[in-house]
Amino acid sequence: MQEWFETVSGKFVMAFVEGDRWKLYLKGLGVTIEIAFFAAVLGLLIGTLVALMRLSVKRNGKKTLWSRLAGAYIDVIRGTPSVLQLLIMWFIVMKSCKNGTLVAVLSFGINSGAYVAEIVRAGILAVDKGQTEAGRSLGLTKAQTMIYIVIPQAIKNVLPPIGNEFIVLLKETAIVGYVSLTDLTRAANQITSRTLEAFMPLIGAAVIYFVIIKILTILLDILERRLRKSDNR
């Protein structure tokens, strides 16, 4: 038992302490969080706009051109792997740009926007139609009714699933090594290549991911409970 403990502790020191390698994990975690945060903000903006486009209809009830374009965007993005989208953005769309962070944020933001669009659309449709009719009867335009009455009520419906989307996005950023960024996953791989020991660096990165996501999950659960309490009042 003592021999096993000494072996594990030695590998831990080699993976995290020697050469201040913990700084590489910390820097990688910062890159991961930075990309996930800005991509989530961009995805929320794109998703909200696309959701409104998707819900637009003509007076006869048929889909508008904007609605069809939004549907095509969602189908294409959700129907292709995120790693492929990242590579297309890096090697084709923005091949002259060597800013990997910008490319990653745009790629993941566009990817997240397709999923957020469906979340926002479902949240808007969950609002009782009587709310829209009440707004129109008060003399508000369709846009004003959507902005001041429907969307504020839909926010409660979409916050929890958007929180889950951010958690998924945080894990998906593990592929940014393809665009020469040293995120948490790539930091673990670099340390593995230096120490010729894969177990501790990879397990360490997995534990860091787990702790961050667990904290986010707990915060999301607290938010959901508070939203349920406010609905019961």
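Because the structure is a prediction, the values reported are computed rather than measured.
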Atom [atom1] of [X] and atom [atom2] of [Y]: how far apart are they, to the nearest 0.5 Å?
X: L184; Y: K171; atom1: CG; atom2: NZ; result: 14.0 Å
X: S180; Y: W90; atom1: OG; atom2: CH2; result: 5.0 Å
X: M200; Y: R21; atom1: CE; atom2: CZ; result: 13.0 Å
X: L159; Y: E224; atom1: CG; atom2: CD; result: 10.0 Å
X: T48; Y: I162; atom1: OG1; atom2: CD1; result: 6.5 Å
X: Y209; Y: L170; atom1: OH; atom2: CG; result: 7.0 Å

Just wondering, do [Y] and [X] contact through their side chains at under 4.5 Å, heavy atoms?
X: I110; Y: Y73; value: yes
X: N164; Y: T217; value: no
X: L220; Y: L216; value: no
X: L169; Y: Y115; value: no
X: N111; Y: M89; value: no
X: L49; Y: L45; value: no
X: I35; Y: D183; value: no
X: R121; Y: L55; value: yes

Heavy atoms only: give me the nearest [X]-[Y] pair and the separation to one decimal.
X: L202; Y: A188; answer: CD2-CB, 4.1 Å
X: L181; Y: A104; answer: CD1-CB, 4.0 Å
X: P201; Y: T192; answer: CB-OG1, 3.5 Å
X: G123; Y: V158; answer: CA-CG1, 3.7 Å
X: K63; Y: R68; answer: O-NE, 4.0 Å
X: A40; Y: F166; answer: CB-CD1, 3.5 Å

Original post:
Near K95 NZ, under 6.0 Å, is it more than 12 heavy atoms from other residues, nucleotides or ligands?
Top reply: no
Please confirm whether the backbone N or O of [Y] pairs with a side-chain atom of [X], one donor and one acceptor, at under 3.5 Å?
X: E172; Y: F108; answer: no
X: S112; Y: G109; answer: no
X: S107; Y: V103; answer: no
X: E118; Y: A114; answer: no

Item to complete: Let me see the working for Q85 and I88 under side-chain contact (heavy atoms from CB on, under 4.5 Å), right down to the final yes or no.
Response: CA-CA 5 Å; Q85 296 167 17; I88 291 173; 5.7 Å; no
Quick note, side chain to side chain donor-acceptor pair (under 3.5 Å) partners involving residues 25-35, not counting sequence neighbours, are none
Are [Y] and [X] connected in a single hydrophobic cluster, I mean Ile/Leu/Val/Met/Phe/Trp/Tyr linked by side-chain heavy atoms less than 4.5 Å apart?
X: V31; Y: I208; answer: no
X: L24; Y: F199; answer: yes
X: I74; Y: L44; answer: no
X: V50; Y: V116; answer: no
X: V120; Y: L125; answer: yes

